[in-house]
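All remarks here apply to the structure that follows.
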Amino acid sequence: MRTHFSIKLLMNGKQGDDAMRKESVPIVDFLKDVKGSILIATHENPDGDALGSGMALYLFLKKKGKEVYIGSKDGVPHFLDFLPHAEEVLKLPDDRFYDVGIVVDSAGFFRVGADIKVGEKVRIDHHVGGDFYGRHDFIDPHAPATAALIYEIVKAWDESAMDEEIATCIYVGLATDTGFFKYSNTDEYTFDLAKRLVSFGANPNYVYRMFSERESLGKMKLVSKALNTIRLYEEGKVAGITVFDRFFKETGTTYEDSEGLVNYPRAIEGVEVAFSIIEKPQEGLWKVSLRSKEGVDVSKIAERLGGGGHRYASGCKIKTSSYEEALDRLLSAIREQLKVQERVAV
Ligand SMILES: [Mn+2]
């Protein structure tokens, strides 16, 4: 795997402010030279990091005088509609051709989930593996969020362009991908960056309230139904939650309301691998999110099932209409990874 740039390496031997020094970021020279139109695309069902990082880059490039657009297949979900300029996000696909396509927070353009027409392709991301498009890609699996890479771009190009809106968008990506500074990707760099973003005007309490305290009654009822499905497997090392499609209909909610449900099985003591499995009958598949609490590398589990992600958070789709079959395939993949890691540990 190619990594152009590693925040962790830059951090070595440096503390505090010195850790955030200016470095050459190759994508900056490329972006400076772009004369035509640029489309920034997020993955489908965008989360806080996908839209936060995409929007931050969009606002910054606009400030730098570029002809830039941002789009997602699913537009902007309710929980992110507070992002500044959220109304400017295009619904993809559209029939335009863009000279440059930048896919953010995604293992590749296949994750956009829409057939878009772009010339040169570039990827900005922190997922392990995935597709590579060339030397302008800016990929660092050590970055706590794709939004952190956007900050590195702004810093290397023109930090004086940083403003409250851009800082807020980057903060949203950083905060949500670290579980609001709780997950294992939360370290000195994360707090250092958060501090800088707050100094540029990001408001942690506002972002938290917008993100976490604007749920609908239907969402709470969906959570209740989903909680009833929680089950333990593998002597309590694995826990899962299931969302059947009828739950959405019964509670007047939609797929996007299932965001974050995987955190409930994760909360159980002794659980090392947590999953949510969500029925998507229109696509004839089950959408799986995986989280690890201890040392289990859930990206390996997702990869066994054709997906991917990070050590501690990943996902995949299992193509079948049968719940029993989907669960069986998922549990087999989890079991295999547990066995592999036990062997390594012994
Ligand atoms: Mn991310």
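In listed order, ligands and their atoms are each counted from 1.
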May I ask you to decide if the ring planes of F79 and F211 are parallel, tilted or perpendicular, using 30° and 60° as cut-offs? perpendicular
Under a 4.0 Å N-O cut-off, is there an ion pair linking K339 with E336? no
Of all residues at least two apart in sequence or in a different chain, which pass the ring pair (Phe, Tyr, Trp, His ring centres under 6.0 Å) check with Y183? none
Going by the rule side-chain contact (heavy atoms from CB on, under 4.5 Å), which residues pair with S258 if we only count those two or more places apart in sequence or in a different chain? F248, Y255, L261, I278
Using 30° and 60° as the class limits, which term best fits the ring planes of H127 and H310: parallel, tilted or perpendicular? parallel
What protein N, O or S atoms come within a distance below 2.8 Å of the Mn ion (ligand 1), ordered by chain and number? D49 OD2, D105 OD1, H126 NE2, D177 OD2
For Y58, enumerate each residue passing the side-chain hydrogen bond (donor to acceptor under 3.5 Å, both in side chains) test, keeping only those at least two apart in sequence or located in another chain. K62, E88
